[in-house]
Amino acid sequence: IQGIQAEAELLSAMVTFFKKVGLSSEDVGIKVNSRLVITEILGSLGVPEDKFAATCVLIDKLEKVPLEAVRDDLTELGLTEEIVLQLTTILT
């Protein structure tokens, strides 16, 4: 299996394991830091390629600065309100 499908299968296996040992999303959090996954998400949301790098930099700030500040920066970058809302909903 190649690409994003491999990432998805690995995550699925991890979730299945946690469920089998009695753990839920309240017990365990999974954070994914994969350029492949981010590329797929940004592409599916219609983020222009020329804004990809800057968007990734702002995404990296999600755990360091308030969500509203990141949303404002993404909007200033030129992403639509709809894309910003979808992106931050997926990633937080």
Side-chain angles (χ1 to χ4, degrees):
I1 298 174
Q2 296 180 1
I4 194 76
Q5 291 174 330
E7 302 278 341
E9 282 208 22
L10 179 59
L11 287 172
S12 177
M14 291 168 54
V15 169
T16 299
F17 168 77
F18 289 134
K19 285 181 180 178
K20 285 186 177 183
V21 296
L23 299 173
S24 71
S25 60
E26 292 183 20
D27 304 307
V28 177
I30 299 173
K31 293 184 181 183
V32 177
N33 186 4
S34 167
R35 186 66 71 158
L36 289 173
V37 173
I38 294 297
T39 299
E40 289 292 323
I41 291 171
L42 296 181
S44 72
L45 294 177
V47 174
E49 285 187 36
D50 64 324
K51 300 196 184 306
F52 177 82
T55 302
C56 287
V57 169
L58 294 172
I59 288 169
D60 285 340
K61 293 181 179 183
L62 281 171
E63 292 185 6
K64 301 170 189 137
V65 299
L67 178 59
E68 274 308 311
V70 175
R71 283 184 175 153
D72 290 344
D73 289 345
L74 289 167
T75 302
E76 287 178 24
L77 182 62
L79 302 183
T80 66
E81 290 289 332
E82 181 181 346
I83 290 174
V84 170
L85 180 61
Q86 289 176 330
L87 182 59
T88 54
T89 299
I90 291 168
L91 298 177
T92 56

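All residue numbers refer to positions in the sequence shown, counting from 1. Atom set for the values below is all heavy atoms of this structure, side chains included, hydrogens, waters and symmetry mates excluded.
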Do any N or O atoms from the side chain of Thr39 and from the backbone of Arg35 form a donor-acceptor pair under 3.5 angstrom? yes
Within the structure provided, determine whether Ile59 and Leu42 are in side-chain contact (heavy-atom separation under 4.5 Å). yes
Is any side-chain heavy atom of Ile90 closer than 4.5 Å to a side-chain heavy atom of Leu45? yes
Using a 4.5 Å cut-off on heavy atoms from C-beta on, say whether the side chain of Ser25 contacts that of Val15. no
Hphob cluster co-occupancy, Val65 + Leu77, side-chain heavy atoms under 4.5 angstrom: yes
Is there a path from Leu23 to Leu10 through hydrophobic residues (I, L, V, M, F, W, Y) whose side chains come within less than 4.5 Å of each other? yes
Spatial distance of atom SG (Cys56) from atom NZ (Lys61) [nearest 0.5 Å]: 13.0 Å
Using the side-chain contact (heavy atoms from CB on, under 4.5 Å) criterion, which residues pair with Glu68? Sequence neighbours excluded. Arg71, Asp72
Exam field: side chain Lys64 to backbone Asp60, donor-acceptor pair closer than 3.5 Å: yes
Go through it in stages, so that I can follow the logic: the residues are Leu74 and Thr88, the test is side-chain contact (heavy atoms from CB on, under 4.5 Å), and I'd like the CA-CA distance, side-chain angles, deciding distance and then a yes or no. CA-CA 10 Å; Leu74 289 167; Thr88 54; 4.1 Å; yes
Pairwise side-chain contact, Leu91 with Ile41, heavy-atom cut-off 4.5 Å (strictly under): yes
How about Asp27 and Phe18: do any of their side-chain heavy atoms sit closer than 4.5 Å? no
Beyond-backbone contact of Phe52 with Ile38, side-chain heavy atoms, under 4.5 angstrom: yes
Quick check against the 3.5 Å criterion: does Lys51 have a side-chain atom that pairs as donor or acceptor with the backbone of Gly78? no
Quick one, Thr55 and Leu87 - any side-chain contact, counting heavy atoms below 4.5 Å? yes
To the nearest 0.5 Å, what is the distance between NZ (Lys31) and CG (Leu62)? 10.5 Å
Spatial distance of atom OG1 (Thr92) from atom CD (Glu63) [nearest 0.5 Å]: 10.5 Å
